[in-house]
Each structure stands twice: as structure tokens, then as C-alpha cells.
Amino acid sequence: MILIPVELTRVVREALAALQAEGKLPAFDLPALDVRSSKRAGQGDYSVALMGLAKPARMNPAQIAVLVAEQVMKPDYVAKAEAVAPGYLNFWLDEAWLKAQADAIIAEGEVLGELAEGQGKRAQVEFVSANPTAPLHIGRSRGAIVGDTMARLLEAAGYAVEREYYFNNAGAQMRALGNSLRIRYLEALGLPYEMIDDERKSFYQGNYLKDFAAQLVAEVGDSWLNKGYEAFKLYAEVKMFEMIKATLARVDIQHDVFFNENTLYDSGANDAVLERLDRAGYIYRAAAPETDGGAPDDDDAKEAGKGEAIWFRSSRFGDPKDRVMVKSSGEPTYTLPDIAYHVNKLERGFDLAVNVLGADHNTQYQVVRNGLTALGYDADKVHVIIVQLVALLRGGEVVRMSSRAGNFETLDDLIDQTSPDAVRYMLLARSSDTHLNFDLDLAVKKSNDNPVYYIQYAHVRCAGIFREAAARGVTDDGADLSLLGEPEMRFLRKALELPEVIADSVEFFEPHRIAFYALELANIFHPIFDSVRVLGVDVPPELAAARLRFFKAAQAIFRRSLRLMGMTTPEVM
RNA sequence: GCCCCUGUAGUUCAACGGAUAGAACAAAGACCUUCUAAGUCUGAGGUUACAGGUUCGAAUCCUGUCAGGGGCACCA
């Protein structure tokens, strides 16, 4: 398949250059031109607006369009190029070529719609990156689905992609986890344990720790009675990661690399970053920041009371305040390793690093960007997708999520109640910029309210035709695709947009586009299924063969679209 | 107070500065001897929160106002 808009844009630019060379158009720098698929029947299959040329050319744009229409070297797949007031140029695909694309689609198989743009380039997508303290909850799920789908789309665009999970198994939260497991362990042994206030505050109440404790008792009996929290922490961490990986696997997500934040301490990467920032003049030691940005309730006395910390002059890059790199206790904050981690990414030579974060981290990534810029890196190589928060709705009411309180809705819960496919689709089919209301009642419903069924049903219906055709001995041998009609062509036109959907998703880092595309495909498909019969008594054999071939192409497009979304491709439903 | 995101049909959401703002669901009415009705067909539904501005052209860009969400730690 070819990227038709890109090809046609090139063709139009060549025509304009030729017109300028011949003096039919004055010389001027061409502004950006965008050929895109047309929205409306009657306006061609692809079109471009040339009105922007009117001013630099000092000519009527409709005249320019006419000139270009005459000049343009039509590729073999274009039947007609037509100028329309006030300055549009519409392209009509050649129908014979269009019908023949059914074979081209089938021939591409698993890599259908693959692009050349990422060839030879390496991309990394970092997503999920939850510390192993609790099962994945819905808030993380959105980033997980968006990240993995982004990775799949980058692969389709030709990139070699690595999926990475960044985590920290040190720190107070993990200590609390170990301690919580220890308490559950004692409980499981029937030993009462009275928590002190600090413990109660940091206690992880989730049932998963009861399960871990029960397993631990089964494995080691009471021999861990006198062990400290470290042993329990380690045990909990291993179990937690098993659980997280298993959950992710249910929605077909696998990370290639698990990057432990601790290695940045051990390797001296943190110190190196600090030293480089210092040498560049972005570091100072003080009890209070030079710039505090006027945050509310900002109690300088409180900060000053903590002693001298090491600060990064983030405010030099537009940040309202400077940020602490090393606490007065001598421990780095998470910001320092975060910057060191991104330095590490860029040093690994990725051409592109995509980072999927929740909206609550959006200040943090600005600081990381500033750090990279201060160190002389091209911060634009790191692209951050901020996914807005997910609200769970049940019975029209917002369900509160809190991993500490243990009343959260986990990704596992959600999958249990719906299906991996429904979860993937519903979390994907929204722009990352918008808040997502996840209606649990709706997701639980197995009805056509849920577009996931509608899309998969198209794939299933194709499979049904193939089964029945095989049973009746009908084949597509020697299919004459020229026999296909207007409805099939309508589907094929949309099918040919797959490469541009992939290209746009990657260009704008908007993986939700594939979800809407798949739904549009299904919307076009189902009416065709009803009206374009393969096995009807009144369908001549030659027509049946052509239609059967068409449905093979249709199924291939659905299969590819579903796989790009990480969804299954059922044969029956 | 400052920063980020959002405001589009009854609802959930699309629409990379281009032509008549699109789907799905809900609500109204028709279709199953026919490759799966988890489907199809027919209508209806809009001052794109509001006010200015830029532009040949604005849902989209800019400014302001209002409303909702998230953030503004020597927590991660």
C-alpha cells in the first residue's frame, strides 16, 4: 500500500514548481500543502486546498487550481484531477486500480499498511512504570494501553521498538510494603499484631498482601518470624511483579526491559548528572530556593528548617520554581534519577523516546525536560504523552480509587468483568488529552453499545462467509476484481487510508486514531455484508469469486487494525 | 495566585486552519425461510460554554471571562 496523501502532495508540489519554471506562476516559496482524503462524496477521493497560494502568487486561487489540474502528472492510480472553486484540487482514484487493491491488501498480510518512514530508526516507549507496591489500577491502565498501542503503531511505521518499564524498588513506599506484608504474615500465623500510628498510616490494606502472606506461610511456615521488613519487601516485590506482568499479559502487553532506578545510583549516573549540572552553573546549595514561584501556603520557614539542600535552577527554563535534587538528608529526590534516566535513554541512541505519563506527573516531566536542556541534550527527542485521568463510573456515580485504602478497581477486576478486548478498546478510544469516564456498567454490558463487538463482529462475519464457502466448495480462484461494485469500492477507499492513519498516529503521538478508524471501517462494512452476498442463489459464480476475494481483503484490514490495537481477531462470536 | 488538560447533538466522544461540524448510544418508525439480527434501513436531533481578535477561511490559533478535572513537596 502507498501513502497516497504524501505521494499526491509531492505530485502537486512538482506541478507548482513546473508552473513556476514555465513562468505561468510567479516565483515564491511554497507554503505547506496537505493533500488529505476527502470527507464528502462528490469532492473526489483526495483533495488539497490551494487558497493559501493566492496571496504569495497574487492570483485568484481558483485559477491556480485550474493551472495545477492541467499541469499535474497524474499517477496511474488517479483517474481525474479536477479544480473546484474557490481553489480546491480534487483527485479521483482510478476504479480499476481501486478494485485491484483487494489483492494488494491480501498480499501484504501481517505487515499490512507498514510504512518506510521509521526504517532503520530505533524508538523506545516507556509506559506503566508503576512501582511494585500494588496491583495495577485503572489510572495506570490507560497509560498502559496507550503506550502499548503507540509501540505497535511505531512498529507499523517501521521503527524498531523497545518497550520499557521504569521502576523503583527502594524508598519509603517499598519499605511500607515489606512491613505491611510482615504484619499480614504474622496475622496469617494467628499472631495478633498491634500497629503503631506510623505503621497504620502506611499500611497497605489490599487483599493481595493477605494472599502473599498465605503463600509465604505455605512456603516457609513460621521460620520468618524474626525477619525484618527487608526479606518481606523482597518477597512482596517478586510476587508483585509476577502479578503485574500477568495482568499486563492478559491485555497482550509485554515489556522488553525493566529498568531499575537503583542502577542509576550504583553506576554513579546520578552523581555524574549532578556534577555536569553543577559545572554548567545550574546547581546551588541552600536552605531555601532562590525562586519559589509563589506557591500557595508556601512556608519558607518550614523549608528552611530542614537544612541545606541541593537545588537545580529549573527556573532558568521557565519553571516557576527551582527544584530540589538532593535533600538535606543527603538522599536524592526522584527528580535527579529521573533526569539521569532520561540521559541514559538518550545515550542509548534511540532516535525517539516516547514516555507515557499520567496528568498528575505533568509538572515532573517539565523539570526533566529542563534538566536535559541544561545538559545540552535535545529534549525534543523525548516525547511525552500525558494521559488525563480516568474516572470510574458505576450507576452514574464516581467510584473513588485509592490503592492504600484497598477499595480500588484494579485492571484485573475490570478484565474479569468485561474482556481484555473491551478494556483495550475503551481505554484507547479517546484522545489522551481528554478525561476519560469509564462507565463500568456499560463496559460490563455485552451488547452493541460496546463498539468493540461491532468491530470484531465484522471480522467474524468474514470468517463465517469463508467457512460456508468452503463447505459449498466455492472458491475465489481466478477472481475478476473488476466485477466489484460501488459498495465494495467504498470500503476499499477507506481501507486504503490505513497507512495514513498509522502515519498520523505516529506523527501526532495519537494512538486513539486507530480506534476511530476501525469503527469507521466497521460502519462501512456491515451494510455491505447485508447487501453484497457471496453465496446467494442469484449470484453468478464469477461474481461470487470476486466478492469472496473482496471479503478476504476486508478481513485482512480488520485483522490488522485489531492487532494494532492489541485486540483479538475472533473467528466466531 | 501560578501551570497543564477539557468544555461540540439528550449522553459518550471524533474532526493535523479548509468545502454542508461527524460517529456511536439513547429516543421514533420499518426489516430475520436468505454467508451469524452482536446486523440493516428511514427520519429527527447543533448559536462548537461566552465575548472579542487574527485569517480569504476558526470547533481548531491568540486574548479575556465562566465552568469542570489535575498539579504547584527536601513524596514517587
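Below, read A as the first sequence line, B as the second, and so on, with proteins coming before strands; counting in each chain starts at 1. The structure presented is a predicted model; accordingly, all values stated were derived computationally and were not measured.
Counting any heavy atom pair closer than 4.0 Å across all strands shown, A:Asp34 reaches a base atom. Nucleic acid contact class of A:Val532 (heavy atoms, under 4.0 Å, all strands): base. Across all strands shown, A:His526 has heavy atoms under 4.0 Å from sugar-phosphate atoms exclusively, and none from any base. Among the protein residues, A:Gly358 comes within range of no part of the nucleic acid, since none of its heavy atoms lies under 4.0 Å from any strand. At a threshold of 4.0 angstrom between heavy atoms, the contacts of A:Asp538 with the nucleic acid are absent. Within 4.0 Å of A:Ala54, counting heavy atoms only, lies no atom of the nucleic acid at all. If you check every strand for non-hydrogen atoms under 4.0 Å, A:Val537 touches nothing. Using a 4.0 Å heavy-atom distance criterion, A:Val474 is classed as making no nucleic acid contact. Residue-level contact check: A:Gly171 touches neither bases nor backbone, having no heavy atom under 4.0 Å from any strand.
When each of B:A19, B:C41, B:A37 is scored by its nearest atom to the side-chain atoms of A:Phe529, the top-ranked nucleotide is B:A37. Side-chain atoms of A:Met51 lie closest to B:C56 of the nucleotides B:C56, B:C74, B:G70. The side chain of A:Asn168 lies closest to B:A76 when the candidates are B:C16, B:A19, B:A76. Relative to the side chain of A:Arg513, the nucleotides B:A23, B:C16, B:C56 differ in distance, and B:C16 lies closest. The nucleotide whose nearest atom lies closest to any side-chain atom of A:Val324 is, among B:C74, B:A76, B:C35, B:C74. The side chain of A:Gln173 approaches B:A76 more closely than any other nucleotide in the set B:G39, B:G18, B:A76. Of the candidates B:A73, B:G70, B:C16, B:A73 carries the atom nearest the A:Lys321 side chain, counting heavy atoms from C-beta on. The side chain of A:Arg533 has B:U34 as its nearest neighbour among B:A14, B:A23, B:U34. Nearest to the side chain of A:Glu510, among B:C4, B:G68, B:A15, sits B:A15. Among the nucleotides B:U12, B:A24, B:C35, the one closest to the side chain of A:Arg430 is B:U12.
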key: Working for side chain to side chain contact (heavy atoms under 4.5 Å, CB included), residues A:Ile145 and A:Phe127   = CA-CA 9 Å; A:Ile145 302 304; A:Phe127 61 109; over 6 Å; no
message = Does A:Arg175 form a side-chain hydrogen bond (donor to acceptor under 3.5 Å, both in side chains) with A:Ser202? I'd like the steps, not just the answer.
response = CA-CA 9 Å; A:Arg175 205 155 46 233; A:Ser202 61; over 6 Å; no
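Rounding to whole angstrom units, CG of residue A:Asp360 and P of B:U6 are separated by 17 Å. Atom CZ in A:Phe550 sits about 14 Å away from atom C1' in B:C35, given to the nearest Å. In this entry the distance linking CZ of A:Arg36 with C1' of B:U60 reads 11 Å, nearest Å. At whole-Å resolution of the value, CE in A:Met426 and P in B:A14 are 13 Å apart. Whole-Å rounding puts the A:Gln388 CD to B:G71 C1' distance at 10 Å. To the nearest angstrom, C1' of B:A76 lies 10 Å from OH of A:Tyr166.
A glycosidic torsion no more than 90° from 0 defines the syn conformation; B:C13 lies beyond that range and is anti.
For A:Arg461 and B:C35, a side-chain-to-base donor-acceptor distance below 3.5 Å is absent, hydrogens and geometry of angles not being considered. On a pure distance criterion of 3.5 Å, no polar donor-acceptor pair joins the side chain of A:Asp530 and the base of B:A37. Put simply, the side chain of A:Tyr334 and the base of B:A76 share a donor and an acceptor less than 3.5 Å apart. A:Ser328 contributes a side-chain N or O that forms a donor-acceptor pair with the base of B:C74 under 3.5 Å. In terms of polar N and O atoms assigned as donor or acceptor, the side chain of A:Ser431 never comes within less than 3.5 Å of the base of B:A14 in a complementary pairing.
For B:A23, the base is not stacked against the aromatic ring of A:Phe516, per a cut-off of 5.5 Å between centres and 30° between planes.
The phosphate of B:C41 (OP1 or OP2) has no side-chain N or O of A:Ser531 nearer than 4.0 angstrom. Taking 4.0 angstrom as the limit, A:Tyr454 places a side-chain polar atom (N or O) nearer than this to OP1 or OP2 of B:U40. Regarding contacts with the backbone of B:A15, a side-chain N or O of A:His512 is found under 4.0 angstrom from either OP1 or OP2. OP1 and OP2 of B:C74 both lie 4.0 Å or more from every side-chain N or O belonging to A:Arg323. Neither OP1 nor OP2 of B:C72 sits under 4.0 Å from any side-chain N or O of A:Asn362. Listed pair A:Lys39 / B:A19 meets the phosphate criterion, a side-chain N or O lying under 4.0 Å from OP1 or OP2.
Place A:Ala469 and A:Arg140 on RNA chain B by their nearest nucleotides, and A:Ala469 ends up nearer the 5' end. Along RNA chain B, the nucleotide nearest A:Asn523 and the nucleotide nearest A:Phe508 are compared for position; the residue whose nucleotide lies closer to the 5' end is A:Phe508.
For B:C41, the paired nucleotide is B:G29, the pair qualifying as Watson-Crick or G-U wobble because both relevant distances are below 3.5 Å. The partner of B:G57, taking Watson-Crick or G-U wobble pairs whose two distances both stay under 3.5 Å, does not exist in any strand shown. Remark: B:A15 base-pairs with no nucleotide; criterion is Watson-Crick or G-U wobble with both hydrogen-bond distances under 3.5 Å. Under the Watson-Crick or G-U wobble criterion, with both distances below 3.5 Å, B:U20 is left unpaired in every strand shown. Across the strands present, B:C2 finds its partner in B:G71; the criterion is a Watson-Crick or G-U wobble pair with both atom distances under 3.5 angstrom. Pairing of B:G64, defined by two Watson-Crick or G-U wobble distances under 3.5 Å, is identified with B:C50.
Atom name P, nucleotides B:A9 and B:G46: the rounded distance is 10 Å, in whole Å.
Using a 4.0 Å cut-off between charged nitrogen and carboxylate oxygen, A:Arg316 and A:Asp322 do not count as a salt-bridge pair.
Minimum interatomic distance between A:Asn168 and A:Met174 (heavy atoms only, all atoms of both residues): O-CG, 3.9 Å. Of all heavy-atom pairs between A:Phe516 and A:Ala429, the closest is CZ-O, 3.6 Å. Of all the heavy atoms in A:Ser505 and A:Met150, the pair that sits closest is O-CE, 3.7 Å.
Side-chain contact annotation: A:Asp421 with A:Gln456, donor-acceptor N/O pair under 3.5 Å present. Between the side chains of A:Asn169 and A:Glu237, at least one donor-acceptor pair of N or O atoms lies under 3.5 Å.
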Less than 3.5 Å apart, which donor and acceptor atoms pair up between the side chains of residues 528-539 of chain A and the rest of the protein, not counting sequence neighbours?
{"residue": "A:Ser531", "atom": "OG", "partner": "A:Pro527", "partner atom": "O", "Å": "3.3"}

